[in-house]
Every structure is written in C-alpha cells, then in structure tokens.
Amino acid sequence: MAPPLITTTTISLLFSLHSFSSSLIPKTTPRIAQPLLRFSFLDFLGIFFSLKVESLMRTAVVSGGGGLNSIGSMSTLSSEEKSMVMSSEDSSSYPDEPELELGLGLSLGGGKAKPRPPPAKAAAAGSWDQYARILTAKDFPSMVSTKASSSSSSSSSSPAAKANNNNGSCGTKRTAEPSSPPGRSAVSQVVGWPPIRAYRMNSLVNHAKSPAMEESASAIDKSKGMNLVLDKTNYSSNRNHNVAKERGLVKTSLFIKVNMDGIPIGRKVDLSAHSCYDSLAHTLDHMFKLSAAVGATRSKAEEEVIMGGKRRPPILLDSSSDFVLTYEDKEGDWMLVGDVPWEMFLSSVRRLRIRRTAEVNGLGLMKGTGDS
Amino acid sequence: MNPDPKKSKVLPSNLPNSNGSSHPHSLFPDEVLEKVLSLIDSHKDRNSVSLVCKDWYNAERWTRSNLFIGNCYSVSPEIVARRFAKIKSVRLKGKPRFSDFNMLPRDWGANVHSWLVMFAKAYPFLEELRLKRMTVSDESMELLAKSFPQFRALSLSSCDGFTDDGLKAITTHCGNLTELDIQDSVTVDVGGGWLSCFPENFSSLEILNFSSLNSEVSFEALEKLVSRCRSLRVLKVNENITLDQLQRLLVHAPLLTELSTGSFLQELTPRQYEDIESAFGNSKNLQVLSGLWDATSFYLPVLYGACSGLTFLNLSDAVLQSGELAKLLAHCPNLRRLWVIDTVEDKGLEAVGSSCPLLEELRVFPVDPYDLDHRHGVTEMGFLAVSRGCRKLRYVLYFCRRMTNAAVVTIVQNCPDFTHFRLCIMNPRQPDFLTNEPMDEAFGAVAKNCTKLRRLSVSGLLTDTTFEYIGKYAKNLETLSVAFAGSSDRGMQCVLEGCPKLRKLEIRDCPFGNAALLSGLKKYEMMRSLWMSACNLTMKGCRLLAREMPRLNVEVIKDDGSDEIQADKVYVYRSVAGPRQDAPSVVLTL
C-alpha cells in the first residue's frame with residue numbers, strides 16, 4: 001500500500017518523531033503521554049516505517065544517500081542518525097557493521113566514528129599514530145593494555161603528529177595533535193610493538209611494495225623493461241597508499257619531492273599529513289619561506305584575524321601571486337595544483353614544483369584569471 | 001695519605017726500585033703509574049683502577065682522556081668537570097632504549113646543551129663527541145662548532161632536535177673535521193644545505209654518513225668534497241643519490257672501506273651499467289656495504305666485484321627475494337655480519353646457512369610489522385637452517401611470526417656461543433606453533449646452553465618458568481628485555497635475585513607489581529637502569545622505592561587519562577646527581 005505522495009512527508013515527519021522516541025533504548029524514559037487512539041495507528045505505521053528506515057539508511061548510506069529522498073528531508077534523517085549513534089553508544093552490543101560505521105563517519109563530518117575495528121586490524125590505528133597498532137581482543141587472550149599513547153610521539157616527524165586524516169575532507173577542521181583523539185574506543189592499542197626503531201619504521205612505510213608489484217617488477221627485470229620498473233616503483237608506493245586507504249588502513253607517509261625554481265636543493269613533503277590544498281600550501285610556504293620572499297604583505301597576526309572572515313588564499317594557490325605550484329602526474333604531465341579534488345590529486349601526483357609565474361607562461365598549463 | 005705497611009709485605013720482589021719516587025711510602029712512582037695507566041683504554045678497567053686506592057684514583061683521573069657515560073642523568077656535568085681534567089673524547093647516552101619505539105614523551109629530556117656548556121669551559125681541547133638518543137638543538141651545534149678548535153669527530157646515533165642550520169654551523173666552522181656520522185636520525189626533514197657549507201679547501205674528512213637524512217643535498221658539492229678528501233674511507237649517502245651519481249663518487253674514492261649507496265633503482269644505459277660495475281669492481285677495500293634501496297635482481301650484479309672482501313652486508317633497506325639474496329651471497333664468502341629483510345623468507349636463510357660459514361651476526365627485520373599484507377616472513381625453519389650452517393653465530397635479532405621450542409633448543413645446541421639472543425615473535429603471547437605450549441623451554445635452553453649470553457630479549461607465551469631458568473643459568477646476562485610475559489611477581493624476582501651482572505632491565509606489559517619492584521631494592525644501585533611500563537605498579541610502590549633508596553631516581557611518566565594510583569611508565573636509575581631538574585610535567589620524580 002503506497003501512501004499518497006502528499007501525505008508522505010507528514011507521515012515521515014510523524015514517524016521520524018516516533019522512531020526518535022522509540023529508538024532511545026533505556027526503557028526508563030517515560031513515554032510521552034499521548035492520546036492512545038491517535039497514536040495507535042501511527043504507532044503501527046511508525047514501527048513499520050522505522051524498521052524500513054533503518055534498513056534503508058544502511059543501504060542508502062552505502063549507496064550515497066540515493067534512496068533517502070523518498071523518505072524525508074536530510075535534516076530529519078540526520079537527527080535519526082544522531083539518535084542511532086546515541087543509542088549505539090548506550091548499548092554495548094553495537095552491531096559490527098562496517099558500512100554503517102563508515103557512513104556515520106562521513107555524514108557526521110569529523111567524528112572518528114568510534115570504530116570497532118574490523119577484524120582485519122588497525123582500522124584507524126595508522127591514522128593518528130603511525131606506530132600504534134590496534135589489535136583485536138583475540139590477539140590478547142589475557143591481559144589487554146589500553147594505552148593512550150598520547151605521551152609518546154615520534155620525535156619530530158610530522159606524519160605522526162598530523163596523521164589524523166582518515167577521511168580527508170577539507171571541511172573537517174581536525175586539529176593535528178599527537179594526543180589521543182577523544183572518544184577512541186579502540187579495543188586495544190599497542191604502542192611500540194613490534195619493537196622496531198622509529199627510523200626503520202619510517203623507512204619501511206616509505207618503501208612499502210606489494211608482493212604483486214615485486215613479482216611483476218622482477219618479471220619485468222628479466223625482459224629489461226626499465227621504464228616500467230621505474231614507474232611501477234613510484235606507482236606502487238602511491239598504490240599502496242590507496243589500497244591501504246580502501247581497507248581503512250593508512251600507511252601514513254607519502255613523501256614526495258618538492259623543488260623550487262632557482263633553488264638547487266629540493267625538499268620532501270609528506271602529503272598524507274595534509275587533508276587539503278590549503279594546508280599543503282601553507283607548509284610549502286614555510287618550507288621555502290615564500291611569504292618572507294614576497295615581502296609578507298600580511299603578518300601572521302593579521303592572517304589570524306582575517307581567519308574567521310574572508311581569507312586570502314595562500315600564496316601558492318593565489319593566482320595573482322608570483323609563485324605557482326605545479327605537479328607532475330602519473331603520465332608525466334605538469335599540471336596546476338588545485339584543479340582536481342584532493343583525493344584525486346593524491347593518487348596521481350608524483351612530484352611538486354614551485355615555479356615563478358613568469359616562467360610558467362608558455363608551459364601550456366591551465367591558468368585561472370589574473371595572469372601576471 | 002696514610003701509608004699502608006701491610007702492602008709492602010705482599011708484593012713480589014721484582015718490583016721497580018721505589019727510591020726515585022716522590023712519595024717515599026708509595027711503591028710506584030706517580031710518573032710510572034700515570035704512564036702505565038695512560039695505556040689503558042677500557043673505561044671498565046679504568047673504573048676498577050680508580051677503586052684501588054686514593055693514589056690510583058688520582059692517577060687515573062689525571063690520565064683519563066675518553067669519557068663514557070651510559071646514562072647522562074646518572075652524573076652531572078659539574079661532577080664530571082671536577083673529577084676529570086683532560087678529556088678529549090666523550091661518549092654520552094641519553095634516553096632509555098624504549099624511546100626508539102615512541103614510548104617517551106617528545107620533550108622527555110636528554111638534552112646535550114648543559115653538557116656542552118660545561119665541556120666548553122672545562123675541556124676546550126675536546127676532539128670527539130658521540131651521542132646516542134639525545135636531543136641536540138641547533139644552538140648546541142653552534143656552541144659545539146665554535147668552542148672547540150681541535151674538534152674532529154661528531155657522531156649522532158638516534159638523535160633528534162637539530163636542523164640544517166645546526167649542521168651548517170658544524171660544516172662551516174669545524175675545519176679539522178674528520179668524522180660526521182649521523183645514524184638513524186629520526187628528524188625527518190633536516191634540509192640538505194649543510195653539505196655545501198664545507199669550505200673550499202676543506203679536505204680532512206674521513207667518515208661521512210648522512211644516509212638517514214632524507215633531504216636532497218647538492219650533488220655537485222658532494223662530488224667536489226669527495227674528490228678533495230683523499231682520506232675518505234667511510235661514505236654513506238642517502239637515498240637521493242642515484243646510481244650514476246654513485247658511480248662518479250666511487251671513481252673519486254677507490255679506497256673506501258665502508259659504503260652506503262643511494263637508491264639502487266635507475267634507468268641506466270648499458271654504458272652506465274658497465275661503468276658502475278667497474279667502479280664497484282675497483283673498490284677492492286670495501287668491507288661494509290649498505291643502502292641499496294629498491295635494489296632489484298637486475299642491478300644487484302653490479303655489486304659482485306666488490307663483494308669478496310665484504311664482512312658486513314646490510315640489506316635492511318633492500319627488499320629482496322630469496323633467489324636474489326642467494327645469488328648475492330654466493331659472492332660474499334667472508335661475511336661476518338648480515339642484516340636482511342624477511343622477504344627473503346626461509347629459503348633465503350637457507351642460502352645464508354650454506355654460503356656464509358663465517359657468519360657471526362644475523363639480523364632479520366620484518367617488512368610488514370603490522371601484518372597488513374599477511375606476509376609469511378621467516379619461521380623457525382629459516383633460523384634452524386642458519387644455525388646449521390653458521391656455527392659461529394653469536395648475535396641474532398630475529399623477527400618472526402612462528403617459532404617452536406624444539407627449534408630453539410636445536411639452534412642453541414648448534415650455536416652455543418651466543419652472546420646476544422634477541423628473538424621477537426611478533427604476536428604477543430604466542431605459544432609454540434606446533435605444540436601450543438609456552439615458549440619456556442626455548443629460552444630455558446638459551447640460558448642453559450649459552451654460557452656467554454650477555455643480552456637476551458624474550459617473546460611469545462612465557463610463564464614464570466622462563467624467568468626461573470634465566471635466574472638460574474644466565475649468569476653473565478647484562479641486558480634483559482621482556483614484553484607480554486610472565487605470570488606473577490615471582491618471574492621478575494627470579495631474575496633480580498639470580499643474575500649477578502644484570503645492568504639493564506626493560507619490561508613492558510607484564511603482570512609484575514610492587515612486590516616484584518621492591519624485591520630488587522638493593523640491586524638497582526648496581527644496575528644502570530630499570531624500565532617498567534604497563535605493569536601492575538602503583539604510585540605507592542614507586543614512592544616506597546624512592547624513599548628507601550635515595551640514590552636512585554624514580555621517575556614516573558603519566559599517560560593521559562590515567563588515574564592517580566597506577567604508575568604507567570616507571571624509569572629507575574642510579575644517580576649521584578640527584579633528581580633531575582629538566583623533567584617535563586608529565587614526568588614525576590619521586
């Protein structure tokens with residue numbers, strides 16, 4: 001029985017209210033006193049539809065919210081989601097549904113959605129401390145050590161400090177702190193195990209190769225296709241990064257070289273420590289001291305004041321500045337940084353170059369307005 | 001100085017005539033004593049000498065020129081300056097070893113600056129400084145560069161806190177520098193400008209190691225430097241140096257004894273390939289080889305010409321398969337030390353067993369410490385294979401996911417000379433793979449058979465029985481590392497009571513509590529340090545220890561969100577300098 005379209009919204013509003021109240025599991029909360037008659041019909045509908053909503057939500061979230069439109073507005077849905085989250089926190093037997101967890105994470109924008117890591121370990125472990133590892137309870141038959149490793153941080157390596165960016169959307173103002181993220185209900189974390197020196201860990205992460213890559217690399221060796229080997233090595237470190245992300249694991253370093261025109265010595269920057277172009281541009285600015293070179297038109301204090309309101313873009317992303325940030329992609333072409341979504345950029349960038357605007361003309365790069 | 005009349009009676013008659021001495025009662029003239037003592041280098045021997053009597057104490061302190069301090073907080077710079085007058089070379093160690101695994105807060109301490117200030121005043125003729133696990137700021141490096149005109153050698157192992165600016169100060173101002181050795185630096189992006197700051201006429205460098213600094217340096221400056229420094233014998237470059245660049249460096253420095261290459265993967269023309277091959281072929285003096293990032297079976301053969309004299313091959317940055325390793329090892333008959341990654345698997349280790357009969361040290365590192373890709377790595381079979389072929393094995397560090405008691409028992413029967421046995425079964429509390437029993441018998445066999453054992457790291461499922469064995473048999477044990485092991489306080493007590501030479505004890509995640517801690521009350525002053533983290537210690541127990549033993553520093557590091565009762569990380573060490581003043585707020589000194 002399909003409800004008429006006009007009444008769909010009213011029904012949805014009503015049962016969303018109902019499912020909100022009914023999904024609060026503690027039975028001690030007194031039911032809202034309502035006339036029995038009026039609610040009995042809606043009760044029935046509510047139960048029917050709330051069940052449907054739950055199942056729809058799960059599928060919808062995974063499929064990107066396509067099926068939600070028929071049910072109601074996003075705002076009501078988000079309050080439902082929140083109630084789901086609240087109830088999940090109350091109940092200790094939260095269902096292990098990876099899709100739902102991911103969905104919550106994305107839509108709540110910024111929460112590390114209290115992950116119960118899937119048995120395939122280390123869901124978000126790598127994201128905030130590259131040396132921590134989440135082991136599930138089965139790995140510890142007896143004692144479990146829950147160590148917030150906040151006091152331990154790798155000495156000065158930025159990846160560990162900033163590697164909070166599991167869901168790298170720019171809108172999330174996630175502060176990069178080495179301290180333990182709030183609400184972390186990881187089953188157990190083992191810092192410093194296995195006991196491998198930080199230096200070697202860095203090195204391993206930077207050179208991660210998948211077995212497939214190695215086999216193909218050695219196969220190709222035999223045919224002496226050196227081009228391919230070279231590409232595959234670069235590609236494999238990117239690929240591992242993306243593969244890792246797909247599994248919900250992040251190998252937290254993606255160091256790429258950055259060169260600047262006129263400076264013979266290049267630097268390296270860890271892209272996985274950034275979640276958007278802005279923060280990357282600021283880091284490069286500091287690294288190469290670009291603000292100082294340009295003769296800082298605004299002081300740092302000024303910048304902070306402007307922060308809340310309209311902000312001027314960082315020098316490297318400002319099309320009217322003297323410097324342009326470009327990158328070489330997988331195909332070997334030089335592109336302007338900032339045109340593609342951040343994730344796409346991460347997967348295709350090979351190295352960066354800061355060029356002076358004057359030299360960029362004639363390179364055939366896409367340029368915005370405000371040529372100098 | 002009261003003469004001791006008893007002394008003259010016990011001395012043999014062939015002593016030198018004491019008539020020429022300035023102290024009529026002493027039997028050795030001071031000059032002779034000082035001359036003899038100046039030939040003694042070992043700091044342990046010197047410490048013993050200084051305990052004989054007051055004369056000898058003074059003679060020793062006037063003649064000591066090499067200073068070794070194993071824990072920088074065990075003594076203060078002022079005390080050192082008062083005692084020793086003529087120090088030329090210093091070795092200082094700072095943080096406890098577990099700082100390597102990120103278990104210490106970033107600002108924990110071990111800053112070298114106060115030491116340098118004292119050295120600048122007391123030892124202006126300082127020549128060498130070797131630091132391990134210390135924080136060295138740029139300011140400290142500048143002070144170092146400008147205060148010691150004869151400064152020659154700087155070695156930083158696992159140090160942090162410095163940037164390009166600090167290194168620039170060193171390279172600019174230390175005109176007599178022979179050694180700049182930076183190992184395992186955890187400071188990620190230091191910048192590479194320092195290499196270009198060596199003066200134009202600078203040519204004294206003998207040792208240069210920047211393999212762990214991953215910023216680019218100017219190759220032009222490096223090439224010029226290498227060609228100027230005719231005495232260069234150790235060159236360890238970082239990954240950014242390409243193969244053809246390496247070839248040019250090798251041509252300039254054919255006398256190298258130690259080399260760490262850059263990236264070993266590059267598109268080379270056949271001509272370039274030949275060139276690098278012959279460059280290696282001409283490096284007949286190479287004894288130590290490392291680096292080899294991204295090495296593949298296509299490029300490894302260029303090395304073969306240099307391998308015949310190799311004694312130490314460090315492949316811990318080269319992800320190799322068993323076949324590649326086997327082929328390479330066939331060219332290295334004189335290998336004494338080998339470090340590999342576990343991608344070579346058991347098959348590769350079989351090749352080690354058959355190709356390297358002189359092997360004394362083997363380290364196998366995991367490529368996948370968190371088991372993300374579910375790689376096999378090495379098992380007990382590989383270790384067995386090595387032990388069968390390499391009977392002289394004395395140092396092993398072995399990361400694996402599978403081990404059996406029977407295998408370890410056989411291994412130590414094959415190789416009874418182990419001095420360092422570090423076995424890391426990567427899954428905590430994992431039992432014997434075949435029998436599912438605890439690994440007690442394995443480490444028991446190690447303790448029993450290896451009478452020369454000085455360092456032991458245990459892992460796997462272990463009960464107190466293991467520690468009973470260790471306490472009973474491992475009489476030469478100096479360093480013990482324990483993780484996720486033991487069943488009760490008794491385990492730790494057995495070790496503390498039984499191992500007379502124990503100096504360093506590191507424990508994490510074990511069920512040892514206050515009773516165990518306090519059972520070692522008298523012992524800790526004879527040890528360098530004790531570390532216990534994630535055990536069952538409480539603040540009360542630690543305070544009691546601190547009260548009873550005033551010459552121990554008992555430091556507790558608080559973790560975020562822990563209560564006031566548990567003592568999460570405890571670091572206990574002996575000190576004549578009293579509690580330290582530079583501890584950050586998370587460190588409580590009791």
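Every chain is numbered from 1 and lettered A, B, ... according to where its sequence line falls, protein lines coming before strand lines.
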Aromatic rings B/F298 and B/Y273: how do their planes relate, parallel, tilted or perpendicular, breaks at 30° and 60°?
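If you compare the ring of B/F298 with that of B/Y273, the planes turn out tilted.
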What residue in B/S481, B/S459, B/S99, B/S316 has the most heavy-atom pairs under 4.5 Å with chain A?
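Counting heavy-atom pairs under 4.5 Å, the top option is B/S316.
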Toward chain A, the part of [X] with a non-hydrogen atom under 4.5 Å:
X      : result
B/S457 : neither
B/P584 : neither
B/F219 : neither
B/T135 : neither
B/I425 : backbone

Verify whether one side chain among B/S212 and B/S185 offers a donor that lies under 3.5 Å from an acceptor in the other.
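Their side chains do not contain a donor-acceptor pair, so the 3.5 Å distance test is not met.
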Salt-bridge test for B/D184 and A/R197: reply yes if a basic N is under 4.0 Å from a carboxylate O, no otherwise.
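Judged by the 4.0 Å cut-off on N to carboxylate O distance, B/D184 and A/R197 do form a salt bridge.
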Can B/D160 and B/K95 be counted as an ion pair, charged N to O under 4.0 angstrom?
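Yes, this pair counts.
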Using ring centroids (six-membered ring only for Trp), state whether B/W531 and B/F98 fall under 6.0 Å.
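For B/F98 and B/W531, the ring centres are under 6.0 Å apart.
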